[in-house]
Amino acid sequence: MTRVAAHRPPAAPAAHSQVLRRARILRSATELGALHGFDGVQMQDVAKDAGVAIGTVYRYFPSKTHLFVAVMAKEVLFERPGQRSEGAGSVDDLAELLVRWTHRFTRRPQLAMAMLQSILATPTTIVEALETDVQVAPLILGRLGIDEPGDEDMSKVRLLIFSWWGIVVARLSDHLTQEQAEDHLRLAAGLIFVEAGGPAWSRSAGACPVSGRRPE
């Protein structure tokens, strides 16, 4: 069976039917990855489960790593851009968004490790995989009420994503408990976007999880 070379750029769906087929492929890869992990998933199995030809899978995802990088983007981008909630600090809103992302990843460790393995196996970075500037940034900046981000704001978004991904990896490898991971996420959000509302740990997590210092 002829397979499309992995270096070929993925095709973008145009017609509505193509969008639906691509979505079915991602849904099948997500379910199979959660059960079997990266090594246990074959592209043929994804095609069969999604009800599409194997050539269709390779059209949109030239390799299994491309497929699970796309699954990762789907897992994060299920959120819609949102503004700060009534009565909540903007950084607290942002921290809770990161906590939800982390729960979504770590509750299915086999799938999370498949996504991690794919990110590490490709020349892309986590930021590029999520198309940060156009997709993830609105999710983050919306929580802060930043409508017209500058270059520094975008740099902070990327730094926060790197921090979040590192904490996810530490949680998956049991170097952090769930509570520690959540405390670190709140601290990271507060330190990186401190001017947007103050460190989140100062209101919701008590003592700083790194220094042990409590707010004045």
Test item: [X] and [Y] side chains (from C-beta on) under 4.5 Å apart, heavy atoms:
{"X": "Arg22", "Y": "Pro13", "answer": "yes"}
{"X": "Phe193", "Y": "Val157", "answer": "yes"}
{"X": "Val41", "Y": "Phe68", "answer": "yes"}

Considering only distance and modelled atom types, tabulate donor-acceptor pairs under 3.5 Å from the side chains of residues 29-36, sequence neighbours left out.
from  : atom 1 : to    : atom 2 : distance (Å)
Thr30 : OG1    : Leu26 : O      : 2.8
Thr30 : OG1    : Lys74 : NZ     : 3.2

What distance do [X] atom [atom1] and [Y] atom [atom2] have between them, rounded to the nearest 0.5 Å?
{"X": "Asp93", "Y": "Arg143", "atom1": "CG", "atom2": "CZ", "answer": "7.0 Å"}
{"X": "Ile161", "Y": "Trp101", "atom1": "CD1", "atom2": "CH2", "answer": "6.0 Å"}
{"X": "Glu182", "Y": "Arg100", "atom1": "CD", "atom2": "CZ", "answer": "12.0 Å"}
{"X": "Ile140", "Y": "Leu97", "atom1": "CD1", "atom2": "CG", "answer": "7.0 Å"}

I'd like to know if the side chain of [X] reaches the main chain of [Y], judged simply by a donor and an acceptor atom lying under 3.5 Å from each other, with no hydrogens or angles considered.
{"X": "Glu75", "Y": "Met72", "answer": "no"}
{"X": "Asp49", "Y": "Val46", "answer": "no"}
{"X": "Ser28", "Y": "Ile25", "answer": "no"}

Are Arg186 and Glu96 within salt-bridge range, i.e. N to O under 4.0 Å? yes
Are Leu98 and Phe162 joined in one hydrophobic group, where the rule is that I, L, V, M, F, W and Y side chains link up if heavy atoms are under 4.5 Å apart? yes
Treat each ILVMFWY residue as a node, draw an edge where side-chain heavy atoms are under 4.5 Å apart, and state whether Val52 and Val19 are in one component. no
Near His175 NE2, under 6.0 Å, is it more than 12 heavy atoms from other residues, nucleotides or ligands? no
